[in-house]
Number of protein chains: 2
Amino acid sequence: MPRPKTIDRTAILQAALDIADTGGVPALSMQAVATRLAVTPMALYRHVANKADLLDGIVELLMAEIMADAPAPDPDGGRDAWLDALIRTAGRARAVASRHPAAFTLLLSRPAATTAAREVRAHIHGLLRQAGVGGEHVERLERIVTTTVLGMAAGQASDRFAHHAPGVLDEDVRALARFVTAGIEPFRSSEERVSPAGVSRAGRRASR
Amino acid sequence: MPRPKTIDRTAILQAALDIADTGGVPALSMQAVATRLAVTPMALYRHVANKADLLDGIVELLMAEIMADAPAPDPDGGRDAWLDALIRTAGRARAVASRHPAAFTLLLSRPAATTAAREVRAHIHGLLRQAGVGGEHVERLERIVTTTVLGMAAGQASDRFAHHAPGVLDEDVRALARFVTAGIEPFRSSEERVSPAGVSRAGRRASR
DNA sequence: ACCTGAACACCGTTCAAGT
DNA sequence: ACCTGAACACCGTTCAAGT
């Protein structure tokens, strides 16, 4: 007679994320997760392969949270639509990082081969293409931009920049937008690819 | 009668780095370090406060390795001296990352309050000032540039970008130089601050 | 099918003891 | 001053057993 299922993978990942949020990554043990779910540690192994798999699952959760409510790229959204979307995506990453500061560092230390991670990449690819970035540079630039944005979000949320006041970090965000916008510039083709009517260069707004 | 000292802090840190290089961060335990030094785990505690202190010591070692042989900023080195120096520093960071791929991820997850870390920051500050970056933006831009350069070096050395061929990564390095150079541009004052004779904008070379 | 209990080989860290 | 031995409370993971 089959037992009723008492836990599942998402419950495990959610509990693990909660533990990391409260006690930091060092507190994140299989036993701690099991205790929080009122279950034996060994019960977890039916739903996650091992601890590495559990950590990858957390990364997946965070990636999905970054993409949550992200509007699909809007080709008719005006000349600078891609820039607005990019800045909003960076803002969501920062929000997720401040909700889960400890777990967020996992994003930069583990390979991003999961579905949600691929979605984030595809999202950025689309925005860069909208900005007129040449096809041979889209993936390359995505790696650079993603690293910068996630790295800054992680640094701000963790202890790495901890000695700074909140106002300093807000100013950092504005500077980051200018930096990324200007950094992309040399990779854009001179004619606008998205809005055929556009004549002036896009991207100036956030850089000043 | 005092015993002869058999180990010291640097020996411990070096052994720890070796272990991380061979077996990854998970293999890095106090017991493994002790065994490699032919000593009891408890002997380590006279030289490092605890495991967190040991990890911070490794970060210190890596930072020092990045700064090793870095020439002092040369104010008379021509208009683009700062850019050459910045690119070479990034190159050294990348070399250290490929020598110590596993340990390198620690650089981005731990606060950088040690001496060597401060030296790296001061080095970058000097280069940015040479580039004509306004004083109110120097520290901010250092955080952004350092995050980008270290993050890319870590990503290339770890599993995060592992699915790419070496040639792709070489091309990434060139794109990174263009990106950073262009990203800094809006923060530079229009008149050159370092070479009074200079008239044309510096930094164009690497961005094209 | 899903969870438990007992067991194994490890962890980081303490304390008192040896030289 | 520096290292050891024994001990404690934890780890991740296995295997066979229960329902």
Side-chain angles (χ1 to χ4, degrees), chain A residues 1-61 102-103 105-106 109-111 114 159, chain B residues 1-61 102-103 105-106 109-111 114 159:
Chain A
M1 176 188 278
R3 272 201 187 184
K5 179 190 259 189
T6 63
I7 55 174
D8 62 351
R9 191 166 214 271
T10 32
I12 291 174
L13 295 180
Q14 194 55 58
L17 189 54
D18 287 352
I19 291 170
D21 288 343
T22 349
V25 177
L28 179 50
S29 69
M30 299 298 272
Q31 342 249 337
V33 174
T35 305
R36 173 174 268 261
L37 294 172
V39 116
T40 344
M42 294 59 81
L44 306 176
Y45 284 82
R46 184 153 305 267
H47 308 277
V48 296
N50 47 37
K51 192 177 179 183
D53 182 37
L54 183 145
L55 295 179
D56 289 339
I58 292 182
V59 171
E60 183 77 354
L61 228 56
T105 62
L106 297 173
S109 63
R110 309 195 70 85
T114 60
D159 297 332
Chain B
M1 176 185 280
R3 272 201 188 184
K5 180 189 257 189
T6 65
I7 55 173
D8 62 351
R9 191 168 215 270
T10 31
I12 291 174
L13 295 181
Q14 194 55 59
L17 189 54
D18 286 352
I19 291 170
D21 287 343
T22 350
V25 177
L28 178 50
S29 69
M30 299 299 271
Q31 342 248 338
V33 174
T35 305
R36 173 174 267 260
L37 295 172
V39 115
T40 345
M42 295 60 83
L44 306 177
Y45 284 84
R46 185 152 305 267
H47 308 277
V48 297
N50 46 40
K51 192 177 180 182
D53 183 36
L54 185 146
L55 295 179
D56 288 340
I58 292 181
V59 170
E60 182 77 353
L61 229 56
T105 61
L106 295 174
S109 64
R110 307 196 71 84
T114 61
D159 297 333

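Letters go in sequence order (proteins before strands), and every chain restarts at 1.
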Can you tell me how far the [atom1] atom of [X] sits from the [atom2] atom of [Y], to the nearest 0.5 Å?
X      : Y      : atom1 : atom2 : answer
B:L54  : B:H47  : CG    : NE2   : 12.0 Å
B:Q14  : B:I7   : CD    : CD1   : 14.0 Å
B:D56  : B:L13  : CG    : CG    : 10.0 Å
A:L106 : A:L55  : CG    : CG    : 5.5 Å
B:T105 : B:R110 : OG1   : CZ    : 10.5 Å

Checking base pairs now: Watson-Crick or wobble, both atom distances under 3.5 Å. What partners C:dG12?
D:dC8
For C:dG18, give its Watson-Crick or G-U wobble partner with both distances under 3.5 Å, or none.
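Partner of C:dG18: D:dC2.
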May I have the distance from [X] (atom [atom1]) to [N] (atom [atom2]), rounded to whole angstrom?
X     : N      : atom1 : atom2 : result
B:R46 : C:dG18 : CZ    : P     : 16 Å
A:D53 : D:dG12 : CG    : C1'   : 14 Å
A:Y45 : D:dT14 : OH    : P     : 7 Å
A:L37 : C:dC3  : CG    : P     : 10 Å

Atom pairs under 3.5 Å: protein N/O with N/O of nucleotides 4-7 of chain C:
| from | atom 1 | to | atom 2 | distance (Å) |
| --- | --- | --- | --- | --- |
| C:dT4 | OP2 | A:T40 | N | 2.8 |
| C:dT4 | OP2 | A:T40 | OG1 | 2.3 |
| C:dT4 | O5' | A:T40 | OG1 | 3.0 |

Would B:D53 and B:R9 satisfy side chain to side chain contact (heavy atoms under 4.5 Å, CB included), going step by step from the backbone distance to the final call?
CA-CA 11 Å; B:D53 183 36; B:R9 191 168 215 270; 2.8 Å; yes
The side chain of A:K5 is closest to which nucleotide in this list: D:dT13, C:dC2, D:dC3?
C:dC2
Walk me through it: do B:T6 and B:L37 pass the test side chain to side chain contact (heavy atoms under 4.5 Å, CB included)?
CA-CA 9 Å; B:T6 65; B:L37 295 172; over 6 Å; no
Tell me whether the OP1 or OP2 atom of C:dC2 has a side-chain N or O from A:H47 closer than 4.0 Å.
no
Give a yes/no on whether any side-chain N or O of B:T6 is located under 4.0 angstrom from OP1 or OP2 of D:dC3.
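B:T6 to D:dC3 OP1/OP2: side-chain N or O found under 4.0 Å.
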Please give me the minimum heavy-atom distance between A:K51 and A:S29, naming the atom from each residue.
NZ-CA, 4.4 Å
Looking at B:T40 and B:A43, would you say the former's side chain and the latter's main chain have a donor-acceptor pair under 3.5 Å?
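Not confirmed, B:T40 side chain does not pair with B:A43 backbone.
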Just the table, please: protein N/O against nucleotides 8-11 of chain D N/O, every pair under 3.5 Å.
| from | atom 1 | to | atom 2 | distance (Å) |
| --- | --- | --- | --- | --- |
| D:dC11 | OP1 | A:S29 | OG | 3.2 |

